[in-house]
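In what follows, a single structure is set out as structure tokens and then discussed.
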Amino acid sequence: MDYQFREIEQKWQKHWAQNQTFKAEKDTTKPKFYVLDMFPYPSGAGLHVGHPLGYIASDIFARYKRLKGFNVLHPMGYDSFGLPAEQYAIQTGQHPALTTETNINTYRTQLDKIGFSFDWSREVRTSDAGYYKWTQWIFMQLFNSWYNLETDRAEDITTLIEKFNASGSADVRAVCDEEVKSFMPSDWATMTDEERQEELLKYRLTYLRESTVNWCAALGTVLANDEVKDGYSERGGHPVEQKKMMQWSMRISAYAERLLQGLNTIDWPEPVKEMQRNWIGKSVGASVRFKIDNADADRVLSADYIEVFTTRVDTIFGVSYLVLAPEHELVTALTTPAQLEAVNGYIAQTKKKSELDRMADIKTVSGAFTGSYVINPVSGERVQLWIADYVLAGYGTGAVMGVPSGDQRDWLFATHFGLQIVQILDGQKDIEVQADATKEGLYINSGFINGMTYAEATATLNAWLEEQGVGKAKVNYRMRDAIFGRQRYWGEPIPVYFKDGLPYLVKEEELPLVLPEIDKYLPTETGEPPLGRAEDWSYDDQYEYELSTMPGWAGSSWYWYRYMDAQNSSDFASKDAIAYWKDVDLYIGGAEHATGHLLYSRFWNKFLKDLGYVQEEEPFKKLINQGMIQGRSNFVYRVVDEEGRGTNTLVSQGLKKEYKTSALHVDVNIVENEVLNIEKFKLFRPEFAAAEFILENGKYICGVEVEKMSKSKFNVVNPDVLIENYGADTLRMYEMFLGPLEQSKPWNTNGIEGVFKFLRKFWRLFHNDQWVFNVEDDIPAKAELKALHKIIKKVQDDIDRFSFNTSVSSFMIAVNELTDLKCKNRQVLEDLVIVLSSYAPHICEELWSLLGNEAGSLSFAKYPVFNPEYMVEDEFSYPVSVNGKTRLNLNLSLSLEAAEIEAAVLSNEDVQKYLEGKAPKKVIVVKGRIVNIVI
RNA sequence: GCUCAGAUGGUGGAACUGGUAGACACGCAGGACUUAAAAUCCUGUGACCUUAAAAGUCGUGCGGGUUCGAUUCCCGCUCUGAGUACCA
């Protein structure tokens with residue numbers, strides 16, 4: 001029979017499902033290998049052809065690893081909490097759980113058709129109570145922990161309490177809030193329970209605190225920094241404003257240094273690591289206190305100094321002014337009556353500007369003098385104190401020292417306001433024109449560091465500042481603690497209730513705290529989150545539960561552990577399972593998660609490791625980002641009359657210049673190689689049923705543009721349609737054939753025929769002209785073995801560097817070669833089936849069983865061993881080039897040594913022709929590669 | 001502005017360590033089969049020049065360099081895409 005892909009694919013998909021072929025079990029006789037895909041959010045639109053790209057690659061990898069004798073864990077699940085289902089619920093009243101369920105079923109149907117080797121018995125859904133029970137449990141562990149800087153790890157909160165009991169707050173070195181109390185053990189002993197809880201909350205790794213949040217009114221929720229892009233929400237593009245709110249936060253900043261260092265130990269794409277480094281934003285410098293000059297002022301201040309952070313403490317003698325952020329808490333107190341008007345005016349002006357304007361308006365220098373002065377601690381000089389919006393309240397101390405000669409921004413500021421510019425290094429050039437940030441040369445005009453180099457000066461100053469108690473070397477991180485609460489319904493309830501305004505955890509045995517039913521999915525009339533609508537939403541019938549739910553990234557920050565032991569009801573995963581599967585060996589997903597999911601997951605992983613629940617410091621050893629598949633839209637051109645009205649005439653792309661036209665999107669599924677199928681077009685656009693078509697060469701050629709893949713642009717290609725027409729094996733191979741996995745590219749179905757033809761040709765290798773299965777048990781010919789072993793090697797080399805497209809080409813070459821050789825040899829063909837099976841598993845299973853093997857055993861067959869002996873050649877066709885230009889090829893024995901090759905080449909008649917009687921200056925012979933003659 | 005990735009035929013792309021640029025596939029052209037079409041199969045297909053054939057010249061974004069030899073290494077530039085943005 002001819003290649004009947006529909007029957008074959010259905011048959012084997014059913015076989016795999018019924019026999020649970022890909023169910024992973026612990027097996028200590030084999031090395032483990034964990035291949036993970038970033039699990040999808042099940043959206044209502046279903047899968048388009050871009051989604052499975054990464055899944056196909058990881059599936060090929062997983063299947064290959066099984067053939068190589070690994071015990072492979074390859075699961076799939078759904079990140080099923082999220083905003084779209086909730087937005088849909090608000091519009092329709094449909095419970096998000098129902099929408100989600102429907103969408104998941106659609107996804108599953110689509111995924112099943114592609115022939116993935118997922119172990120579905122381990123499926124997880126983050127919105128299942130059985131799953132989010134453990135998300136809540138991890139939240140509780142975070143609440144019950146603090147970060148001890150002495151041991152450099154998270155510890156149970158009881159070790160902190162012990163320290164407070166024993167020696168008060170003095171010995172505690174922790175990552176905590178700024179405004180913690182200093183107290184003696186006796187103070188701790190006399191504190192009320194509420195006072196103690198209030199203090200402990202400042203240390204917990206998840207904590208409640210009033211913080212400035214990104215409030216998105218349109219979505220009715222706060223957003224994390226990585227969910228805000230240029231002042232608008234990433235999802236939906238709604239405006240986001242800064243607002244102060246009581247919020248749950250995660251003390252991820254405690255892990256800043258470990259998150260940074262860990263990047264050096266993992267095999268991830270450099271751009272992703274770089275983004276995480278930028279996000280963490282480590283800067284090494286010093287904090288310095290500038291005393292406020294209160295000599296002629298009589299005022300009460302909450303502090304008598306201004307603290308600044310600088311990465312160039314060596315330039316401190318060049319300070320000509322200090323700047324505070326307009327929001328800095330001391331601004332009001334430090335503004336003199338004379339400057340009050342100017343300062344208030346400036347603050348008002350700053351407030352009006354949106355975040356976006358402030359960023360767009362980098363060039364305009366602005367600021368206001370407060371009228372106050374501070375004293376430079378190293379020189380004793382009196383310098384002006386300004387406010388300006390280029391200083392951000394949220395970074396460092398919200399105060400900056402201005403060194404115009406060394407910093408361009410400071411230089412512009414000083415020039416604009418007529419402040420002093422002092423040269424501090426003899427290596428600085430042209431500081432009248434612009435700042436020079438060099439570290440070269442020796443210091444001048446710099447008191448006790450005059451004559452020193454950069455390194456000497458920095459060390460000297462750090463030591464001096466510390467000794468004087470006015471500063472010290474300091475490391476600063478840009479990364480802020482992550483807000484961990486959303487004023488939304490469709491998320492994990494936070495397992496907390498409030499008693500006298502203080503948060504307490506529910507008991508562990510009371511988990512999961514199940515999401516309650518509510519009447520509608522909107523905030524309450526009083527502006528509380530949707531959970532405020534739930535009846536009896538209180539603990540012990542008296543204490544109100546937390547009304548926020550967890551953010552989208554909560555469930556995805558640990559899910560790879562749940563797959564290790566998905567059914568466990570007494571632990572998030574058993575110690576045993578974690579000890580066996582350990583970590584993810586290969587993780588494939590989109591680059592858009594670089595600073596969100598991938599950073600939070602590393603954070604939770606490190607935390608779980610500190611508490612001894614997991615073993616590895618990093619969860620994902622190897623990461624691959626698959627490229628984005630863009631849409632490729634097709635257009636028809638409608639002729640427009642004088643008044644600009646559309647006519648009923650459509651002109652082919654090549655002729656449109658001769659007419660006035662308007663472009664209309666046309667469904668890409670009725671266009672083949674840019675040629676419009678006119679009959680189908682008339683059905684697609686009934687208003688054009690009677691249209692006239694101006695053709696070129698008898699065809700209607702469509703225009704092309706690359707855009708986002710979306711329904712409204714009629715450029716969505718659904719994998720189901722391709723599978724229906726060509727089969728899953730063709731789809732799998734074609735997606736890989738498109739180009740390098742990591743490269744973004746527009747989807748183009750042109751060319752899928754080539755892959756389909758390849759599979760037919762492959763099928764035909766095993767059949768005679770009448771499509772009767774026919775292989776022979778003869779002795780394989782040398783050429784056949786060579787073709788086979790070439791592909792055996794190629795596939796294993798390619799997979800190590802994630803180059804799937806080149807393997808597909810090589811399969812085509814191998815099948816072309818074996819077809820030309822009329823190969824019918826069982827041994828050769830059987831090995832070829834194994835090699836191809838990770839790419840095209842269905843057709844290979846069918847042929848495998850036709851070859852007489854046990855049905856379904858192909859998945860665990862042994863990958864053939866490459867034998868280099870079959871590659872050995874006696875002869876090689878040497879390209880002979882003259883002055884670097886290839887002129888001819890010469891067949892020579894590979895046993896010849898360089899000198900013999902040279903002699904053979906030079907004596908050749910055709911070569912003589914190029915020599916024109918001259919003796920060559922030089923002859924380069926690379927054995928088995930090339931001969932180059934220099935004349 | 002900064003960081004990163006990239007630029008190869010009509011198209012997607014290959015060339016892994018500096019060694020025959022354009023593998024493989026699409027498209028296109030011609031042919032076979034067919035009453036015809038589809039499907040299938042065969043042949044050709046970087047550009048230029050010339051041709052009966054052969055030969056020749058140019059050619060991997062642009063300009064230089066290193067080398068016997070550069071798509072590959074180095075320097076400078078242009079363009080495209082992604083990320084990031086007053087971070088002190």
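All chains are named by letter (A, B, ...) in the order of the sequence lines, taking the proteins before the strands, and each is independently numbered beginning at 1. All figures in this text were calculated on a predicted structure; none of them were measured in a lab.
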Rounded to whole Å, how long is the line connecting atom [atom1] of [X] with atom [atom2] of [N]?
{"X": "A:Leu599", "N": "B:U84", "atom1": "CG", "atom2": "P", "value": "13 Å"}
{"X": "A:Asp2", "N": "B:A39", "atom1": "CG", "atom2": "C1'", "value": "10 Å"}
{"X": "A:Tyr734", "N": "B:G13", "atom1": "OH", "atom2": "P", "value": "10 Å"}
{"X": "A:Asn278", "N": "B:G83", "atom1": "CG", "atom2": "P", "value": "14 Å"}
{"X": "A:Asp769", "N": "B:C41", "atom1": "CG", "atom2": "P", "value": "13 Å"}
{"X": "A:Lys745", "N": "B:U8", "atom1": "NZ", "atom2": "P", "value": "15 Å"}
{"X": "A:Tyr395", "N": "B:A88", "atom1": "OH", "atom2": "C1'", "value": "7 Å"}
{"X": "A:Trp747", "N": "B:G13", "atom1": "CH2", "atom2": "P", "value": "13 Å"}

For this session: Count the heavy atoms of every other residue, nucleotide or ligand shown that sit under 6.0 Å from CD of A:Glu672, and state whether that count exceeds 12.
Result: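 Open.
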Exercise. If you count the non-hydrogen atoms of other residues, nucleotides and ligands that lie under 6.0 Å from CZ in A:Arg929, is the total more than 12?
Worked result: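 No, because the 6.0 Å sphere around CZ of A:Arg929 holds 12 heavy atoms or fewer from other groups.
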For this session: Using a 4.0 Å heavy-atom cut-off, write out nucleotides 21-29 of chain B from 5' to 3' as B (base contacted by protein), S (sugar-phosphate only) or - (no contact).
Result: S-BBSSSS-
For this session: Give me the ring orientation class for A:Trp763 and A:Tyr3: parallel if the planes are under 30° apart, tilted from 30 to 60°, perpendicular past 60°.
Result: tilted
Using a heavy-atom cut-off of under 4.0 Å over every strand shown, decide if [X] touches base, sugar-phosphate, or nothing.
{"X": "A:Asn932", "result": "base"}
{"X": "A:Val934", "result": "sugar-phosphate"}
{"X": "A:Leu738", "result": "sugar-phosphate"}
{"X": "A:Lys794", "result": "base"}

Seminar exercise, completed: Expected label for B:G9 (glycosidic angle, syn inside 90° of 0, else anti) would be syn
Within the structure, does a side-chain N or O atom of [X] lie under 4.0 Å from either OP1 or OP2 of [N]?
{"X": "A:Arg887", "N": "B:G56", "result": "yes"}
{"X": "A:Arg409", "N": "B:C87", "result": "yes"}
{"X": "A:Gln743", "N": "B:G13", "result": "yes"}

Exercise. Do A:Tyr734 and A:Tyr726 have ring centroids that are under 6.0 Å from one another?
Worked result: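 Not close enough - the centres of the two rings lie 6.0 Å or further apart.
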Exercise. What about the rings of A:Phe413 and A:Tyr390, do their centers lie closer together than 6.0 Å?
Worked result: yes
[X], nearest nucleotide to its side chain (from [options]):
{"X": "A:Arg760", "options": "B:A39, B:A88, B:U20", "answer": "B:A39"}
{"X": "A:Pro271", "options": "B:G83, B:A14, B:C4", "answer": "B:C4"}
{"X": "A:Thr310", "options": "B:A88, B:U20, B:C16", "answer": "B:A88"}
{"X": "A:Arg764", "options": "B:U40, B:A88, B:A85", "answer": "B:U40"}

Problem set entry | salt bridge (charged side-chain N to carboxylate O under 4.0 Å, His left out) against A:Asp798, all qualifying residues, sequence neighbours excluded |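 Per chain and number, A:Asp798 pairs via salt bridge (charged side-chain N to carboxylate O under 4.0 Å, His left out) with A:Lys794, A:Arg801.
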Problem set entry | Partner residues of A:Glu257 under the salt bridge (charged side-chain N to carboxylate O under 4.0 Å, His left out) criterion, sequence neighbours left out | A:Lys282
For this session: Have a look at A:Ile752 and tell me which of A:Asn725, A:Leu722, A:Leu738 forms a side-chain contact (heavy atoms from CB on, under 4.5 Å) with it.
Result: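 Looking at A:Asn725, A:Leu722, A:Leu738, the match for A:Ile752 under the side-chain contact (heavy atoms from CB on, under 4.5 Å) is A:Leu722.
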Rounding to an integer number of angstrom, what distance separates [N] and [M] when you compare their [atom1] atoms?
{"N": "B:U71", "M": "B:G64", "atom1": "P", "value": "15 Å"}
{"N": "B:C26", "M": "B:C74", "atom1": "P", "value": "37 Å"}
{"N": "B:A21", "M": "B:G9", "atom1": "C1'", "value": "11 Å"}
{"N": "B:A14", "M": "B:A7", "atom1": "C1'", "value": "16 Å"}
{"N": "B:C16", "M": "B:C87", "atom1": "C1'", "value": "41 Å"}

For this session: Could you tell me which residues satisfy side chain to side chain contact (heavy atoms under 4.5 Å, CB included) with A:Lys708, sequence neighbours excluded, listed by chain and number?
Result: none
Problem set entry | Heavy-atom donor-acceptor pair, A:Thr458 side chain to A:Asp314 backbone, under 3.5 Å | no
Problem set entry | Inter- and intrachain pairs under salt bridge (charged side-chain N to carboxylate O under 4.0 Å, His left out), touching residues 729-745 of chain A, at least two apart |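 For residues 729-745 of chain A, and leaving out neighbouring residues, the salt bridge (charged side-chain N to carboxylate O under 4.0 Å, His left out) pairs sorted by first residue read A:Asp59-A:Arg732.
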For this session: Could you give me the stems involving RNA chain B, meaning stretches of three or more consecutive Watson-Crick or G-U wobble pairs whose two defining distances are both below 3.5 Å?
Result: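 Stem segments, range with range: B:1-7 with B:78-84, B:10-12 with B:24-26, B:27-32 with B:40-45, B:46-48 with B:56-58, B:61-65 with B:73-77.
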Exercise. Does A:Pro740 or A:Thr311 map to a spot on RNA chain B nearer the 5' end, using the closest nucleotide for each?
Worked result: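 This one resolves to A:Pro740.
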